[in-house]
Amino acid sequence: MSSMIGLFLTSQLLLLVINSRNGIQHRKNSWQDGVSGTNCPIPAGWNWTYEFQVKDQIGSFFYFPSLNFQRAAGGYGGIIINNRDVIPLPFGMPEGDITVFISDWYTKSHKRLRKDVENGVNLGVPDGIVINGLGPYRYDQTLFKDGIVYLIINVEPGKTYRFRVHNVGISTSLNFRIQNHNLLLVETEGSYTVQQNYSNMDIHVGQSYSFLVTMDQNASNDYYIVASPRFVNSSDWAKVTGVAILHYSNSQGPASGPLPDPPNDYDTYFSMNQARSIRWNVSAGAARPNPQGSFKYGQITVTDVYVILNRPAELIDGKWHTTLNGISYLPPSTPLKLAQQFNIPGVYKLDFPNRLMSRPPKVDTSIINGTFKGFMEIIFQNNDTTVQSYHLDGYAFFVVGMDFGVWTENSRGTYNKWDGVARSTTQVFPGAWTAILVSLDNAGIWNLRAQNLDSWYLGQEAYVSVVNPEVDQSEVPLPENAIYCGILSSLQKDQAQRVNFSGATSISDSSKTVFILVIISLIVHSFR
Ligand SMILES: *[C@@H]1O[C@H](CO)[C@@H](O)[C@H](O)[C@H]1NC(C)=O
Ligand SMILES: *[C@@H]1O[C@H](CO)[C@@H](O)[C@H](O)[C@H]1NC(C)=O
Ligand SMILES: *[C@@H]1O[C@H](CO)[C@@H](O)[C@H](O)[C@H]1NC(C)=O
Ligand SMILES: *[C@@H]1O[C@H](CO)[C@@H](O)[C@H](O)[C@H]1NC(C)=O
Ligand SMILES: *[C@@H]1O[C@H](CO)[C@@H](O)[C@H](O)[C@H]1NC(C)=O
Ligand SMILES: *[C@@H]1O[C@H](CO)[C@@H](O)[C@H](O)[C@H]1NC(C)=O
Ligand SMILES: *[C@@H]1O[C@H](CO)[C@@H](O)[C@H](O)[C@H]1NC(C)=O
Ligand SMILES: *[C@@H]1O[C@H](CO)[C@@H](O)[C@H](O)[C@H]1NC(C)=O
């Protein structure tokens, strides 16, 4: 499944808990991906139900609206996919499961923010960092006014909890830490990791981690939970820190004193070394009972290599755009996947270049021609001055290497060919590269994008088309509730029953031509 689906914004955060089942009837499929290349936008006032089977992944994910900068308005929620009963957790059952969303936050609306981005205006310093949508605990009387509502997490002494932490923000990398408590990393984006203690973790936009946290302090007071921006060096950022409270049931009083120290922003290798230290537990079972590591990715021959270079926003024909290999993605009015299904020519080209070409940048609907069952190596080379994170839908990929400087063929000598973690979102530091390997065993048209909303909105995305040349009986057909638009809009029947949205906080744009992705209910079939 994809870790991303569209949704309708309600005032509540929705948490979905799904139990993974052993089933073979359906494969995960891109009809349920909720991005502009696979699904028509859900018109305002409509409802649409996503149906998919979860099979290949366990762990912590989240969903969010994928169009028009709407994620900046909220509307995200967690998805937890549990192990099947026959597969043991690689750790003791935690006492509780706590989902934490950390995010940069602006008082400007998502529409104002996207106007700024269209005009080449930097997003600037956020107005705050929110934790589960709430403001900071007033740890400094001079920085914050009284009365800000903050998050309190209640715990029992001596118990161990699983914290699932997601950076659902717009564009800010955040450092997450809990005063006096270790974070025992156990899972990231569907893979069990080698279990290691960290005193803090850099979590980049779109990334998800599970930590086990043991309440092993003496509760002389409450403890701070902190999410602070990384790689910023202006004093304007001092106020921009998210602070929540960890409250033991036997706590003697409020948290006090200075916040726990962040890592040194100028130690450039700290964050990269931390990222490199996150490894796959090759002996743990996950979605399947056999060990994760039995898929020996290091021994598979690479069939396709893409070196994908991003650049900071630049003017192309008088408008601001970001590019990957010199191409800024132009979303067609008919989704790629529908165009493919109905054999409509001319909607997209399978000519995305595997290197930066020496030609002027352009705006185009150019996608990667993937080879079904091929093994692809992608090197992201970040030519921007800020951290970018890249996500591939429909797959988990192996993060095998990262370093500063320009990637060369010799860089392959540094790859981790044994226990690089399989995940779906990786950071690429400025002036650095990150290499991933991915087995293209899932037919579909899959979105590859920057998770930083400003980069994504200006065109930093592409798609990978993966076609099974044989007629595949198990491939999921076009769903009955597919919405039609663009060249195919005449196929669309009007939705008879409109949803009464009163009472919900809609982020629907008032203009009829602008659509939002809407989800009212998410139904997961369980195949026993
Ligand atoms: C992690 O730290 C906790 C104390 O907070 C300790 O009990 C545990 O043994 C450590 N685990 C590892 C794998 O280092
Ligand atoms: C336990 O609490 C006392 C104050 O009651 C404090 O002085 C001491 O440092 C605390 N110990 C730990 C391990 O936090
Ligand atoms: C931090 O400062 C350095 C040098 O003063 C500058 O090059 C860099 O762009 C600054 N970074 C940010 C994120 O402001
Ligand atoms: C890896 O997973 C196994 C369970 O399959 C567990 O026993 C072991 O402790 C884990 N190893 C590490 C280093 O986390
Ligand atoms: C795409 O790749 C397939 C092999 O995977 C090849 O047969 C086909 O010709 C390619 N299409 C284009 C337009 O390059
Ligand atoms: C971007 O590329 C240019 C030209 O190759 C190079 O001079 C510059 O150092 C690069 N910047 C980063 C941040 O990689
Ligand atoms: C959603 O739409 C379907 C028809 O497509 C309708 O049957 C259903 O009742 C609607 N649900 C709600 C909550 O309005
Ligand atoms: C929508 O629901 C609200 C509150 O439940 C109700 O007052 C209103 O009449 C409903 N509107 C329609 C068109 O049914």
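These numbers come from the heavy atoms of this one structure, side chains and all, not from hydrogens, waters or symmetry mates. Residue numbers count from 1 along this sequence. We count ligands from 1, going down the list as the structure has it; atoms in each ligand are counted the same way. Being a predicted model, the structure only gives us computed values, none of them experimental.
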- Less than 6.0 Å separating the ring centroids of Tyr329 and Tyr463? yes
- Check whether the ring centres of Tyr390 and His204 lie less than 6.0 Å apart, and answer yes or no. no
- Can you list the atoms of ligand 5 that are under 4.0 Å from a heavy atom of Thr371?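 Taking each heavy atom of Thr371 in turn, ligand 5 has 5 (O) under 4.0 Å.
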- Are there more than 12 heavy atoms of other residues, nucleotides or ligands under 6.0 Å from atom CG of Asn264? yes
Please list the nearest protein heavy atom to [atom] with its residue and the distance rounded to 0.1 Å.
atom                    : result
atom 1 (C) of ligand 1  : Asn197 ND2, 1.5 Å
atom 2 (O) of ligand 6  : Asn383 ND2, 2.4 Å
atom 14 (O) of ligand 5 : Asn369 ND2, 3.3 Å

I'd like to know if the side chain of [X] reaches the main chain of [Y], judged simply by a donor and an acceptor atom lying under 3.5 Å from each other, with no hydrogens or angles considered.
X      : Y      : result
Ser251 : Tyr248 : no
Asp202 : Ser271 : no
His391 : Ser424 : yes

- Task: Run the contact test for Asp216 against ligand 1 with a 4.0 Å cut-off on heavy atoms, strictly below, and give the result.
- Result: yes
Is the closest protein non-hydrogen atom to [atom] under 4.0 Å?
atom                    : answer
atom 4 (C) of ligand 6  : no
atom 10 (C) of ligand 5 : yes
atom 7 (O) of ligand 6  : no

- Is Asp384 in contact with ligand 6, taking contact as a heavy-atom separation below 4.0 Å? yes
- Message: Closer than 4.0 angstrom, basic N to acidic O: yes or no for Asp261 and Arg177?
- Response: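 No salt bridge links Asp261 with Arg177.
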- Task: Might you point out which heavy atoms bring Ser191 and Trp280 nearest each other, and give the distance in Å?
- Result: OG-NE1, 3.2 Å
- Item | Best match, Val466, Leu350, Asp304: closest heavy atom to atom 13 (C) of ligand 5 | Leu350
- Message: Please list, in number order, the atoms of ligand 6 under 4.0 Å from a heavy atom of Asn382.
- Response: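 The atoms of ligand 6 under 4.0 Å from a heavy atom of Asn382 are 14 (O).
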